[in-house]
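Remarks on the structure that follows.
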Amino acid sequence: MIFVDYGGSIFPVIPHAPWNGIHLADLVMPFFLFLVGISLALVYKRRPHRRTQATWKAFVRSLQLFILGILLQGGYFHGITSLTYGVDIQSIRWFGVLQRISIGYIVAALCEIWLPTLRWKQMGFIRSYYWHWFVAAVLLAIHSGLLYGLYVPDWQFDVSAATSSLPPIDSGNVYKVNCSVRGDLGPACNSAGMIDRYILGLDHLYKKPVYRNLKECNMSSTGQVSDSSPSWCHAPFDPEGILSSITAAVSCIIGLQYGHILAHLEDHRGRINHWLGFSVSFLALGWFLAILGIPPNKSLYTVSYMLLSSAASGITFMALYVLVDVYGHRRLTSALEWMGKHSLSIFVLVSSNLAVIAIQGFYWRKPENNIIHLIVSRFHQK
């Protein structure tokens, strides 16, 4: 995620796909969710006797992640170009990366704590955890039903006159997006955005959505959307919104199944064969849905995207397992192991820009003569 955030503007293949499609950055969030599921399978390898107490602890952990996410991505820290802090509650962003992880965490934890399971040695992993798969199927059905079934009417939003010169309505700063459609998966008229606008409010959504990089929006190198662009290019949209969090939780449930294999099987071949079977199945089904017309889309977290990203997560995890556990090349991944042990601390330092500000604080004679400014200016000149 650090590499994506700070290298995305330098290497074009890294940043998020403007809308449909999968780039390197689009795999970061599913990998997080996948590993959350695996970790829960190890934590609850033995079913807790006091389920109510275990549930309470899971809710507390989930709430802590959610609140920390609001603090980090709600706008409290203003960035490396400003030494101020604080946020207007009227415009705070409620959903974000850690909030999504907290939602997936609590869903997977509740499945592991409360849902009945059968003996996997007699039934196999799929049938042993059929209630988990049932919950995943229900969540996917709810997501697809709302995404394709809800009617999206025309809508309006307020844009600051300083950022846009679109023709206003009634001499104000309110601009209109024409929709009146059902089942649209475009950036302007999808039901995911409508749900967030109604429940969270426009002021609490992400202000710089990735779809601004589409050709229609004609965004300049300074990050400004052209005034001749469609009105929806200026509107906020949250890629970690309410509807997309439903399918994101399924990524955790899938990771949970990989974790069950790790926790209950002891031989390498058995683990790898099961993981490979899952990964190939998800990959084939994801491509099949994409061919049928369900595009892989990270912002909407479509079913095809969830399956393809889960396959990528499983294959990557399996490759690292073979490298480290089977062949014993642990030194090659020692840096990754250290980052994994301190992942939340690193995320806090980077997301709040505290790490960058600390490095930026060392300069030669003038504040602008620091290593961060040097690196950024060199690459932007190229």
Side-chain angles (χ1 to χ4, degrees), residues 1-8 14-16 23-45 57-74 76-77 79-80 93 95-109 112 239-240 245 248-259 262-263 275 298 301 306 309-310 312-321 323-325 329-359:
M1 180 168 286
I2 297 170
F3 182 61
V4 163
D5 287 343
Y6 291 96
I14 295 176
H16 295 287
H23 290 181
L24 179 62
D26 299 311
L27 296 176
V28 176
M29 172 60 74
F31 278 27
F32 266 111
L33 297 169
F34 180 83
L35 291 175
V36 167
I38 289 180
S39 65
L40 282 170
L42 300 178
V43 169
Y44 299 115
K45 182 177 180 179
K57 290 182 179 179
F59 269 111
V60 170
R61 292 187 185 122
S62 178
L63 184 61
Q64 289 172 340
L65 276 177
F66 200 95
I67 294 175
L68 183 59
I70 293 177
L71 179 65
L72 292 176
Q73 295 189 290
Y76 189 82
F77 298 98
I80 60 176
R93 184 186 176 197
F95 277 64
V97 173
L98 288 183
Q99 296 93 311
R100 169 156 291 180
I101 293 175
S102 72
I103 293 172
Y105 171 86
I106 192 60
V107 171
E112 193 70 355
E240 281 85 38
S245 295
V250 179
S251 294
C252 279
I253 297 177
I254 289 177
L256 197 61
Q257 311 313 311
Y258 281 75
L262 181 63
W275 288 333
K298 188 261 180 187
Y301 221 105
M306 186 276 299
S309 59
S310 295
S313 302
I315 292 171
T316 304
F317 177 74
M318 185 170 57
L320 289 172
Y321 176 84
L323 180 67
V324 176
D325 291 78
H329 298 302
R330 190 163 184 170
R331 290 184 179 180
L332 296 175
T333 58
S334 57
L336 298 178
E337 182 180 352
W338 178 85
M339 294 183 71
K341 290 179 179 179
H342 305 89
S343 57
L344 186 58
S345 300
I346 295 172
F347 181 83
V348 170
L349 289 173
V350 174
S351 295
S352 62
N353 290 305
L354 292 177
V356 178
I357 291 173
I359 298 173

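None of these values were measured; they are calculated from a predicted model.
- Between L35 atom CG and S313 atom OG the span is 7.5 Å, to the nearest 0.5 Å.
- The two residues L98 and L65 make their nearest non-hydrogen contact at CB-O, 3.6 Å.
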Report the C-alpha distance between M306 and S310 in whole Å, list the side-chain angles of each, state the deciding distance to 0.1 Å, and finish with yes or no for side-chain contact (heavy atoms from CB on, under 4.5 Å).
CA-CA 6 Å; M306 186 276 299; S310 295; 3.7 Å; yes

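- In this structure, the side chains of L344 and L68 come closer than 4.5 Å at one or more pairs of heavy atoms.
- When atom types are taken as modelled, the side chain of W275 and the backbone of Y258 share a donor-acceptor pair closer than 3.5 angstrom.
- Here the side chains of D26 and H23 are in contact, with some heavy-atom distance below 4.5 Å.
- Contact annotation: the side chain of E112 never approaches that of K45 to less than 4.5 Å [non-hydrogen atoms, C-beta and beyond].
- Residue L256 comes nearest to A108 through the heavy atom pair CD2-O, 3.8 Å, listed as atom of the first residue, atom of the second, then distance.
- Heavy atoms only, all atoms of each residue included: A109 and L40 are closest at N-CD1, 3.7 Å.
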Begin from the C-alpha positions of L262 and F317 and carry the test side-chain contact (heavy atoms from CB on, under 4.5 Å) through to its verdict.
CA-CA 11 Å; L262 181 63; F317 177 74; 4.2 Å; yes

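- In this structure, F34 CZ and S251 OG are separated by 9.5 Å, a value rounded to the nearest 0.5 Å.
- Looking only at side-chain heavy atoms (C-beta outward), I106 and F66 stay at 4.5 Å or farther from each other.
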Set out, in order, the CA-CA distance, both residues' side-chain angles and the distance that settles side-chain contact (heavy atoms from CB on, under 4.5 Å) for R93 and Q99, then state yes or no.
CA-CA 11 Å; R93 184 186 176 197; Q99 296 93 311; 5.9 Å; no

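- In plain terms, the two heavy atoms of G259 and L42 that are nearest each other are O-CD2, 4.5 Å.
- Across R100 and A248, no two heavy atoms sit closer than the pair CD-CB, 3.6 Å.
- Within the 3.5 Å criterion, the main-chain N or O of F59 finds no donor-acceptor partner in the side chain of S62.
- Using a 4.0 Å cut-off between charged nitrogen and carboxylate oxygen, R331 and E337 do not count as a salt-bridge pair.
- Between C252 atom SG and L33 atom CG the span is 4.5 Å, to the nearest 0.5 Å.
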May I have the step-by-step check of side-chain contact (heavy atoms from CB on, under 4.5 Å) for I346 and W338, ending in yes or no?
CA-CA 10 Å; I346 295 172; W338 178 85; 3.8 Å; yes

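- Considering CZ of F95 and CD1 of I70, their distance stands at 8.5 Å, rounded to 0.5 Å.
- Closest approach of G255 and I38 over heavy atoms only: O-CG1, 3.2 Å.
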